[in-house]
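Data block below; observations after.
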Amino acid sequence: MALVSPSADHWSLDSEDALAAGALGFMPRLFVLTTLPHSRPDSHLFERVNGRHSLRLTAPRGVGLPYGTYPRLLLAYLTTEAVRTKSPEIQLGATPNDLARKLGLSTISGPRGTAQRLEEQLCRLLSTRLDWRTSVGLAPRSSGSAFVAAGGPTWLEPLRRLLPREASWRSHIVLTRDFFQEITRSAVPVDLRAIRHLQRSPLAVDLYVWLTYRMSYLKRPTLIPWQALQVQFGSDYSRLRDFEIHAVTQLEKVIRVYPTVRVSQTDTGLRLYPSPPHVERAAEIRSGAIRESRRRRVPCRFL
């Protein structure tokens with residue numbers, strides 16, 4: 001399923017829900033709770049820890065780790081297709097530009113154009129080994145270790161050497177069994193139009209998918225300290241105050257696409273109030289029990 005671009009004259013998501021608009025997508029809970037780097041890492045190793053959840057990324061030194069918006073768009077596409085087709089075989093398109101269009105990206109030519117940057121991030125994502133764990137006390141409750149696609153770090157070796165695309169590009173990939181099971185078992189429903197609108201900021205995308213996930217089970221007002229948010233989303237920032245300022249700016253963008261979410265800024269953190277998730281729960285969507293939401297939408301502002 002392709003990411004859907006907002007209309008030119010009015011991108012509001014209130015008029016039609018994601019399912020009816022053909023914009024229902026999914027993100028792996030693994031990458032909602034523990035996120036990818038926002039900017040280019042200096043190291044080939046990266047780890048996020050969020051309470052009981054941890055994610056460790058290991059990339060070949062010559063390739064590097066995935067970072068920024070493109071890997072997030074790729075993960076949304078891979079997960080959405082895996083849930084939709086119930087198959088680990090994912091069609092990418094005949095050319096890199098075909099994949100770019102599926103992701104809702106403008107196809108810009110040139111050495112730093114869309115296709116080349118997308119190829120680079122796809123290569124990084126498919127070359128990275130993922131190790132994840134959820135623990136209870138000192139004992140792991142669940143864990144896994146896998147590459148995204150079968151073939152491991154050598155799968156896109158020709159792309160790194162920038163051979164002609166006709167010779168190196170593959171129109172499909174096959175997800176590894178462990179990765180496929182993990183992302184389909186815990187897929188978080190999202191509105192792909194919202195992700196497309198927020199794509200200029202990886203932090204905004206991360207905050208959007210996290211908020212709609214948290215609101216799917218939040219029962220009472222909850223304060224999340226800035227320090228905890230920085231560990232989860234902003235370890236790229238050396239100063240807590242810098243992260244706080246940037247996070248507030250990106251939250252204002254998130255609220256424009258998710259106006260029913262209720263969040264207040266405090267000196268110590270963000271206070272979350274029970275709100276409807278941006279799209280319905282995954283289990284209900286899959287079972288077909290929910291077709292169109294007719295909930296009363298209450299406008300929300302950054303309190």
Side-chain angles (χ1 to χ4, degrees), residues 1 3-4 6 11-36 50-51 53 69 72-73 75-80 83-84 104 183-222 224 228-229 232-233 247-248 250-265 270-286 289-303:
M1 184 181 295
L3 298 184
V4 179
W11 58 264
S12 173
L13 310 185
D14 286 342
S15 58
E16 191 174 28
D17 65 30
L19 187 60
L24 173 64
F26 295 89
M27 280 288 284
R29 186 177 62 180
L30 170 65
F31 291 96
V32 174
L33 298 174
T34 53
T35 59
L36 294 172
N50 174 21
H53 309 280
T69 300
R72 289 161 168 82
L73 296 177
L75 285 168
Y77 177 74
L78 296 178
T79 307
T80 301
V83 171
R84 183 180 69 85
I183 66 174
T184 54
R185 177 184 63 84
S186 60
V188 175
V190 296
D191 191 320
L192 295 174
R193 296 169 298 177
I195 292 179
R196 173 66 178 87
H197 188 78
L198 298 170
Q199 66 169 291
R200 290 185 180 275
S201 169
L203 178 56
V205 173
D206 289 345
L207 289 170
Y208 164 73
V209 296
W210 172 69
L211 281 171
T212 192
Y213 171 68
R214 283 299 300 258
M215 294 309 172
S216 69
Y217 64 87
L218 190 69
K219 302 300 183 185
R220 60 180 64 89
T222 302
I224 312 295
L229 291 166
Q232 182 177 353
F233 297 111
V248 169
Q250 300 311 312
L251 273 169
E252 291 172 347
K253 298 176 183 177
V254 171
I255 289 171
R256 293 189 193 112
V257 300
Y258 184 6
T260 56
V261 69
R262 300 178 61 220
V263 183
S264 65
Q265 175 189 359
L270 289 179
R271 189 175 300 278
L272 310 183
Y273 301 88
S275 310
H278 200 222
V279 296
E280 303 296 345
R281 289 178 296 175
E284 293 173 326
I285 290 171
R286 289 174 183 151
I290 291 179
R291 285 294 177 259
E292 293 188 19
S293 174
R294 292 294 181 262
R295 291 180 177 174
R296 182 172 64 90
R297 296 182 181 271
V298 180
C300 178
R301 54 189 172 82
F302 208 93
L303 303 177

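Position 1 is the first residue of the sequence, and the numbers go up from there. Just so it is clear, the structure is predicted and the values come from calculations on it, not from any experiment.
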Counting only N and O atoms by type, is there a donor-acceptor contact under 3.5 Å from the side chain of [X] to the main-chain atoms of [Y]?
| X | Y | answer |
| --- | --- | --- |
| N50 | Q232 | no |
| S264 | R262 | no |
| T80 | Y77 | no |

Write down the atom of A204, the atom of V254, and the distance for their closest heavy-atom approach.
-> O-CG2, 3.4 Å
Search all heavy atoms of L218 against all heavy atoms of P274 and return the closest pair with its distance.
->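 Scanning both residues completely, I find the closest heavy atoms to be CD2-N, 3.7 Å.
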Applying salt bridge (charged side-chain N to carboxylate O under 4.0 Å, His left out), which residue pairs with at least one partner in residues 24-33 are found, sequence neighbours left out?
->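 Checked against salt bridge (charged side-chain N to carboxylate O under 4.0 Å, His left out) - neighbours excluded - no pair reaches residues 24-33.
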Taking side chain to side chain donor-acceptor pair (under 3.5 Å) as the definition, give me every residue that meets it alongside [X], ordered by chain and number, with sequence neighbours left out.
| X | result |
| --- | --- |
| T212 | none |
| S275 | none |
| R214 | Y217 |

Below 4.5 Å, heavy atoms only, C-beta onward: do [X] and [Y] meet side chain to side chain?
| X | Y | answer |
| --- | --- | --- |
| R84 | L24 | no |
| Y208 | D191 | yes |
| R72 | T35 | yes |
| L30 | H53 | no |
| L36 | L75 | yes |

Between [atom1] of [X] and [atom2] of [Y], what distance do you get to the nearest 0.5 Å?
| X | Y | atom1 | atom2 | value |
| --- | --- | --- | --- | --- |
| K253 | L198 | NZ | CG | 8.5 Å |
| I224 | L229 | CD1 | CG | 6.5 Å |
| H278 | R193 | NE2 | CZ | 7.5 Å |

Partners of V209 by side chain to side chain contact (heavy atoms under 4.5 Å, CB included), sequence neighbours excluded?
->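 By the side chain to side chain contact (heavy atoms under 4.5 Å, CB included) rule, V209 matches M27, V32, V190, I195.
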With Q199, which residues qualify under side chain to side chain contact (heavy atoms under 4.5 Å, CB included), at least two apart?
->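 If we apply the side chain to side chain contact (heavy atoms under 4.5 Å, CB included) test to Q199, skipping adjacent residues, the hits are T69, L73, L105, R196.
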